[in-house]
Number of protein chains: 2
Amino acid sequence: MTNTKVYLEIVKQLREMIAADNLKSGDKIPSERELSERLNVGRSSVREALRALELLGLIETRRGEGTFIRDFRGNQLVQLLGTFILQDEKAKLDVIETKNLIEMDLLRLVLNRADEQQVVKLKSLVKAKQLNDDQFFYELIELADNYLFSRIWLILKDYHHSLSLQNEEYNRDSYLMLIEALIEKDEEKTLSAYRQLRNLSILTDKY
Amino acid sequence: MTNTKVYLEIVKQLREMIAADNLKSGDKIPSERELSERLNVGRSSVREALRALELLGLIETRRGEGTFIRDFRGNQLVQLLGTFILQDEKAKLDVIETKNLIEMDLLRLVLNRADEQQVVKLKSLVKAKQLNDDQFFYELIELADNYLFSRIWLILKDYHHSLSLQNEEYNRDSYLMLIEALIEKDEEKTLSAYRQLRNLSILTDKY
DNA sequence: GAAGATGGTGTGGTCTGACCACTAAAAAAC
DNA sequence: GTTTTTTAGTGGTCAGACCACACCATCTTC
């Protein structure tokens, strides 16, 4: 009879409800018991739907308080998928390559978008204290001003971590050289500095 | 007491179980009742974990049969996230920008990786019948030989679709020009052709 | 009056037991 | 040997019962 699983129907209803009431991040949604009554389904079915949305990072539940729409930034979904997806060696190479490509795009965005002042600020930050590689690029990301792109990079960073490669340590000068090129707004020089930082062949036969 | 929610613990256990037994796509996992017993939790908690994984597209349940590990390719997860994430205008711009950047990377990969023969084959395909934009880039993706990157593009493509922009129709000549540049292995010319195809400013102030 | 203690109410978190619908394999009937 | 029937196992759903926790109005104490 009921071919469509109830919990999926509830997910759908919730989406519509959210859209209809124009609920936004941080808003509260009806309680499990109320949803159960309103939709004429068991509370456990409601919970199954909510747990699914929770694991997706779309909602947040707080005991004693309620269920809230979440700010999707930082979905832990990634870790989950990561451990499932990364299996063979080829996939690992793909991760590295993709991360490098994305980071170069990031640099291009920064080149076209960030004003000199911001980059100079980053420069003094690098000089002041030792940032690790992730921290450095995290700083850069914000200058790129593209949230979706940032998300993708964060995902790749996590993937990359889960590869648990030898912890390559890059020296500070490489970063400073990169920053210099950014300040000069010289794309070629910037990418060249990046390749050097990552020890990539300039011939780009392998990014 | 139990700060960690039980269903999350179950998700974790399941992952370990899958890893330990080296279960692969299509394999069956223990029944809900068995998991409930083995992990000393209620069946409803097990179900919450399973429903979450199901919505993620990681498992598949068939009534009367059991629960199976799924092939993640083609996860419907994307549509879900899409409708939730794409809200404000800035996010839309980010999607467009990111998609363009990714596609340019794709072209770079193809430049460095695909042999002329493959590109020529694509050329005759374009000449033979009208491909729409997605189909064209889908063909290109395969030449790039990076599965992770392909996945990212596919997601972006879906996001892009859900923006429901006016259905821009590009003319065939633009594609042919792009292909010519690829055959010549001329990066600058290739990217230039791409920008023209997408009506992007050559000055790259906005990719 | 102000600060702290108390208890009520509503919320999510979990478990249990009971059905139902369905599938596949075993058993029975032919 | 083939077909039909039964049966055991599985996911799907519901209802009810507690628990743990957060919030707030109320009461107590100083």
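By convention in this document, chain letters (A, B, ...) are assigned in the order of the sequence lines, proteins followed by strands, and residues within each chain are numbered from 1.
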Check your understanding: Can you check the A/F68 CZ to C/dG10 P distance for me, whole Å?
Key -> 16 Å
Exercise for review: Could you tell me the separation between the CD1 atom of B/I59 and the C1' atom of D/dG12, rounded to a whole number of Å?
Suggested key: 14 Å
Practice item. Would you check if B/K127 and B/L176 make a side-chain contact, meaning some heavy-atom pair closer than 4.5 Å? Key: yes
Practice item. Salt-bridge test for A/R51 and A/E54: reply yes if a basic N is under 4.0 Å from a carboxylate O, no otherwise. Key: yes
Check your understanding: Has A/T61 got a side-chain N or O lying under 4.0 Å from the OP1 or OP2 atom of C/dT11?
Key -> no
Restricting to nitrogen or oxygen on both sides, can you table the protein-nucleotides 7-10 of chain D pairs closer than 3.5 Å?
residue, atom, partner, partner atom, Å
D/dG9, N2, B/G64, O, 3.3
D/dT10, O2, B/G64, N, 3.4

Study note, to complete from the structure: In whole angstroms, the gap separating C1' of C/dG13 from CG of A/L55 amounts to 16 Å
Review point. Taking atom P of D/dC14 as reference, at what distance in whole Å does atom OH of A/Y7 sit?
Key: 14 Å
Check your understanding: How close or far is atom C1' of D/dG12 from atom CD1 of A/I10, stated in whole angstroms?
Key -> 12 Å
Exercise for review: Answer yes or no: is there an ion pair linking A/E116 with A/K185, defined by an N-O contact shorter than 4.0 Å?
Suggested key: no
**Study point:** Nucleic acid contacts - residues 35-49 of chain B versus DNA chain D, non-hydrogen atoms under 4.0 Å
**Key:** B/R43, B/R47
Review point. With the threshold set at 4.0 Å, does a side-chain nitrogen-carboxylate oxygen contact exist between A/K99 and A/E103?
Key: yes
**Study point:** Parallel, tilted or perpendicular: rings of B/Y194 and B/F137 (30°, 60°)
**Key:** perpendicular
**Study point:** Flag side-chain contact, heavy atom, 4.5 Å: A/R195 against A/N100
**Key:** no
Check your understanding: With sequence neighbours left out, what residues match A/D134 under side-chain hydrogen bond (donor to acceptor under 3.5 Å, both in side chains)?
Key -> A/H161
Exercise for review: Check whether any side-chain heavy atom of B/I179 sits under 4.5 Å from a side-chain heavy atom of B/F136, and report yes or no.
Suggested key: yes
